[in-house]
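Working notes, beginning with the structure itself.
In what follows, chains carry the letters A, B, and so on, assigned in the order in which the sequence lines appear, proteins first and then strands, with residues in each chain numbered from 1.
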Amino acid sequence: MRLYDTFSRGLVELPPPPGPIRIYSCGPTVYQRIHVGNAVPFVLAMWLKRWLVETGYDAKLVINVTDINDKIYDAAPGASAQLAADASHWYLEDTDRLGLGRPDVEPTAVETVPDQVAMIEELIEKGFAYESDGDVYFRVTRYPEYGRLSGQRLDQVEEQEPNPRKEDPRDFALWKANKPGEDTWWESPWGRGRPGWHIECSVMAQKHLGPEFEIHGGGLDLVFPHHENEIAQSRALGHPFAKVWMHNGLLRLGDEEMHKSTGNDVSLKAALDAWGRETLLTFYLTGHYRKPLEYSDATLEAAAARAERFRDVFRGPSQPAPAGAWARFAAALDDDFSTPAALAVMHEWRDHELLRRALSVFGLESLAEEEAAPPEIADLATRRQAAREARDFDEADRLRDELEAAGWEARDEPGGYRLVRLR
RNA sequence: GGCGCCGUGGCCGAGAGGUUAGGCAGAGGCCUGCAAAGCCUCGUACAGCGGUUCGAGUCCGCUCGGCGCCUCCA
């Protein structure tokens, strides 16, 4: 399998694993319900793992929960711990609804604080970091490779607001001293405080995957500074860290109406409520993960139509796919996980078995299941069929309209009819 | 100022030097009591301008347009 690696700026062969393929993907900061765009890296990582398992690999996926962060303090002054707990619960609830299962490990920043303190101490000890008035900063100029991932040149990094505690304005925080209003803190060798964002991820990744692992994922917006800093911290201590950096493109909210809408309207929960998991997953499938994808009524409607087209395949007779059909599907995914190309191959199939297997990689095998009609609907359909057999077509059509009003479609077939749930 | 991404037919989106993408929408037809679904037929598109080449959406340069990041955005 080939993947695009941000670090080397090109496609690389997925390193053959001595053991499981180890994947870390940056999870959400829990300060509100996650946004429909926040779900992209989650979905991508789950799909990738499912695909690796499907192709015979062993894989271990870690997605963290960032429950210590400025955003949480800002969103819930004085009640940040409660907000983090609530939002963690929402996150699990909303991503569970995607029906893709859970990552193998979901560490939290809070439970990893002691490990973070230990790593910071080691960085200080080796001269890569310094304490300053209760804060600890990473000395960016001590790590010569700094900027390599993001292509930033240190001398071109924009000037920050002057911070007298920093030796260099470009240094980043590993530990922050507790400030008034911040209602959670931990004791440390530098006093009360809490870890910086970047160190959390470095530690959580390495705690569960070791000093070196195959893939590190996350949104493209995390390349700099977040991932750049993760690399710097980890490699400064001699840990090889991630071999492949996999970044997903950002979801765009294209519709004018979406622009006007509030944050809540584009939460994952709202998207699931409005479109359902099958349409939403199909929507994510239509775009290549590295490219921006537009979230709008039009693009979601198109996704719904695609999903319906797959359902129709299962309503018809199964026809064996030509030899090599699966290989073409596999080739699409093995080539930088091109789900749009894989989708195109799938649309050519009328082979129930094969299509179901392909859909199951993406958690969409439910498209193969027809919903059973409730008794009152079945009764309407029976009466309609009787009217048809009596050649009372006016009554038959009236009953069909009734069925449609109730959300069901009667499709006449040779020797009978089929009831289909309208979407 | 710096780093980087993107621009394909009405829409979404593959392809990456020479041969069909696929889906949605649309038109016509077959089938049907009428439909729906399905099947058949129909679109010659690659932002613009130069260049390389026998040949360029596909490589190079420039221009235009859209977008992301530049120290706590997935």
Report which part of the nucleic acid [X] touches: base, sugar-phosphate, or nothing (heavy-atom distance under 4.0 Å, all strands).
{"X": "Leu250(A)", "answer": "base"}
{"X": "Asp312(A)", "answer": "sugar-phosphate"}
{"X": "Thr66(A)", "answer": "nothing"}
{"X": "Ile34(A)", "answer": "nothing"}
{"X": "Gly37(A)", "answer": "base"}

Testing the basics here: between [X] and [Y], what is the closest heavy-atom pair and its distance to 0.1 Å?
{"X": "Glu230(A)", "Y": "Phe241(A)", "answer": "OE1-CZ, 3.5 Å"}
{"X": "Cys201(A)", "Y": "Cys26(A)", "answer": "SG-SG, 3.7 Å"}
{"X": "Leu281(A)", "Y": "Gly363(A)", "answer": "CD1-O, 4.3 Å"}

Distance-only, no hydrogens or angles: does the [X] side chain make a donor-acceptor pair with backbone N or O of [Y] under 3.5 Å?
{"X": "Gln116(A)", "Y": "Ala109(A)", "result": "yes"}
{"X": "Glu228(A)", "Y": "Phe224(A)", "result": "no"}
{"X": "Arg418(A)", "Y": "Arg411(A)", "result": "no"}
{"X": "Asn178(A)", "Y": "Glu182(A)", "result": "yes"}
{"X": "Thr108(A)", "Y": "Glu111(A)", "result": "yes"}
{"X": "Ser88(A)", "Y": "Ala84(A)", "result": "yes"}

*asked:* Can you tell me how far apart CZ (Phe138(A)) and CD1 (Ile199(A)) are? Round to the nearest 0.5 Å.
replied: 9.0 Å

_Rounded at 0.5 Å granularity, tell me how far CG in Leu367(A) sits from CD in Glu278(A)._
4.5 Å

*Considering just the side-chain nitrogens and oxygens of Arg350(A), establish if one lies under 4.0 Å of OP1 or OP2 belonging to C39(B).*
yes

*Does G38(B) have OP1 or OP2 sitting under 4.0 Å from an N or O in the side chain of Arg309(A)?*
yes

_Other residues, nucleotides, ligands: >12 heavy atoms within 6.0 Å of Glu370(A) CD_ = yes

Pull out every protein N or O sitting under 3.5 Å from an N or O of nucleotides 13-17 of chain B, one pair per line with the distance.
unit_1	atom_1	unit_2	atom_2	d
A14(B)	OP1	His288(A)	N	3.2

*Residues touching RNA chain B, which here means a heavy atom under 4.0 Å, drawn from residues 397-423 of chain A*: Asp397(A), Arg400(A), Glu409(A), Ala410(A), Arg411(A), Asp412(A)

_Runs of at least three Watson-Crick or G-U pairs with RNA chain B, cut-off 3.5 Å_ = B:1-7 with B:64-70, B:10-12 with B:22-24, B:26-30 with B:38-42, B:47-51 with B:59-63

Let me know the distance between [atom1] of [X] and [atom2] of [N], rounded to the nearest Å.
{"X": "Glu278(A)", "N": "G23(B)", "atom1": "CD", "atom2": "P", "result": "20 Å"}
{"X": "Glu106(A)", "N": "A74(B)", "atom1": "CD", "atom2": "P", "result": "16 Å"}
{"X": "Ile215(A)", "N": "A74(B)", "atom1": "CD1", "atom2": "P", "result": "21 Å"}

*Between Asp394(A) and Val345(A), just flag the one whose closest nucleotide in RNA chain B comes earlier from the 5' side.*
Val345(A)

*Syn/anti label of G61(B) as read from its glycosidic torsion, with the cut at 90° from 0*: anti

*Between the base of G2(B) and the side chain of Arg170(A), is there a donor-acceptor distance below 3.5 Å?*
no

_By nearest atom, which of the nucleotides A74(B), G4(B), G22(B) is closest to the Arg9(A) side chain?_
G4(B)

